[in-house]
> 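Structure incoming, see below.
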Number of protein chains: 2
Amino acid sequence: MNDVAGGQSLLYLTDEQLRKGIEAMFFAYRGFTADPDRILEDKSYGRAHHRAVHFIHRSPGTTVNNLLSILGVTKQSLNRVLRTLIEDGLVESRVGKEDKRERHLYLTETGAALERELSDAQRERMRAAYRAAGPQAVAGFRQVLEAMMDVEMRRHYEALKDKTT
Amino acid sequence: MNDVAGGQSLLYLTDEQLRKGIEAMFFAYRGFTADPDRILEDKSYGRAHHRAVHFIHRSPGTTVNNLLSILGVTKQSLNRVLRTLIEDGLVESRVGKEDKRERHLYLTETGAALERELSDAQRERMRAAYRAAGPQAVAGFRQVLEAMMDVEMRRHYEALKDKTT
DNA sequence: AAGATACGTCAGCCTTGTTGACATTCCAAG
DNA sequence: CTTGGAATGTCAACAAGGCTGACGTATCTT
């Protein structure tokens, strides 16, 4: 018993194992956000600002609407964050050339500097985890995460995946 | 080049790969919380209630202080959540037998029912992801997550890990 | 008897999510 | 060409859930 077509054990699908995965996800996510959060604290920004800056960096010139669907918040919520970033000179908003209703978003030098500081910190933790776990584990890590996403999120993820930056 | 002691490629540690991991983590976490969030919405509870209920279920009789250090929030914040759960009859708070200053927390039948509903939903998504990725991937997934945790969070994680429930 | 610990609570603040209402801009149908 | 609907963005107000600070009350511990 406990065997499958391929002769693989199904023990990894027990409620017990799933629960461990759930708790691992919970505790790990705390670590995942800890370093950026610490940096942002000093600058009176929050996690929402981090997310905005990250995705603007990833897709320079993106529109507000696109950002909205990536972040999955209301435009009013995003707008507040965006406004402070623009006021503080981290983000530049340019009226669309073709469609003047659209705003295209870009990081300024200052904005790019913050992005770098945040992603350096976050990448550092990630790198340590990757190194500790090894390449095989990392491949599995990514596979499970991808399978966990909602369809629309996976769409966004895939779209960004192969961007050269 | 690109070889290590063990002859392994280091390509999985490039900034590019790390960035993909970071984005995967972000998008996946959304999926991870999506189903419970939907259920909670109807009941006018939030993610904070879910967390409390989850860990009380995992460690029946746990004290407020212990819960505090697992959740990493202030007692005022936890108290607000706990109060509504107690008022609504989902959680029972018993004065400690040995140390009467302590309150030991238990789920009532109603509380356990909610916990089951939430964890069923969350487990279902996890199970689908696990099944899609396979046992090897799942092992890697767990390894990377564990390596990503802060020391104290790992302590809590390990403590819960082998509880039979 | 004094100090430390566990818990609860009040008050007030911040971030970040939400709706609702409204202005502007664009586009397409009449 | 105009006009109405769709897309986009802004302002206002509210709620959840973090936070700090201050305080009160039991209960241990020394």
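So you know, we letter chains A, B, ... as the sequences are listed, proteins then strands, and number each from 1.
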> Charged N to carboxylate O under 4.0 angstrom, A:R38 versus A:E41?
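Result for this pair is no, no salt bridge flagged.
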> Should the pair B:D35-B:R123 be classified as a salt bridge under the 4.0 Å nitrogen-to-oxygen rule?
no
> Under the 3.5 angstrom rule, does the side chain of B:T108 hit a backbone N or O of B:L90 as a donor-acceptor pair?
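The answer is yes, because a donor-acceptor pair under 3.5 Å joins these two groups.
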> Near DNA chain D, under 4.0 Å by heavy atom, which residues of residues 39-56 of chain A?
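Residues of residues 39-56 of chain A under 4.0 Å from DNA chain D: none.
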> Salt bridge or not between A:D120 and A:R127? Use side-chain N to carboxylate O under 4.0 Å.
no
> Over how many whole Å does the gap from B:L71 atom CG to D:dC19 atom P extend?
10 Å
> Write down the distance between NZ (A:K100) and P (C:dC27), rounded to a whole number of angstrom.
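Rounded to the whole Å, the gap is 10 Å.
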> State whether A:E146 and A:R142 are salt-bridged, where the test is any N-O pair (Lys NZ or Arg NE/NH1/NH2 against Asp/Glu carboxylate O) under 4.0 Å.
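Yes, charged N to carboxylate O under 4.0 Å.
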> For a quick check, with a 4.0 angstrom heavy-atom cut-off, what is the B/S/- contact string for nucleotides 3-13 of chain C, read 5' to 3'?
-BBSBBBB---
> Can you tell which of B:T62, B:N65, B:V95 makes a side chain to side chain contact (heavy atoms under 4.5 Å, CB included) with B:R103?
B:V95
> If only atom types and distance count, is the side chain of A:R125 paired as donor or acceptor with the main-chain N or O of B:M148 below 3.5 Å?
yes
> Salt bridge or not for A:E23 and A:R19, using N-O below 4.0 Å?
yes
> How close or far is atom C1' of D:dA26 from atom NZ of B:K97, stated in whole angstroms?
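The answer, rounded to whole Å, is 17 Å.
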> May I have the distance from A:L67 (atom CG) to D:dG9 (atom C1'), rounded to whole angstrom?
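Distance, rounded to whole Å: 14 Å.
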> If we ignore hydrogens and angles and just use 3.5 Å, is the side chain of B:H156 paired with the main-chain N or O of B:S69 as donor and acceptor?
yes
> For B:F26, run the ring-ring contact (aromatic ring centres under 6.0 Å, His included) check against A:F55, A:Y157, A:Y29 and tell me which one passes.
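It is A:F55, the one option of A:F55, A:Y157, A:Y29 that forms the ring-ring contact (aromatic ring centres under 6.0 Å, His included) with B:F26.
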> Are A:T74 and C:dT18 close enough that a side-chain N or O sits under 4.0 Å from OP1 or OP2?
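The answer is yes; a side-chain N or O of A:T74 sits under 4.0 Å from OP1 or OP2.
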> B:Y106 ring centre to B:R94 NZ or CZ under 6.0 Å, with the angle to the axis within 45°?
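The answer is yes; both the distance and angle limits are met.
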> Show me the protein contacts with nucleotides 1-4 of chain D, counting only N or O atoms at under 3.5 Å.
none

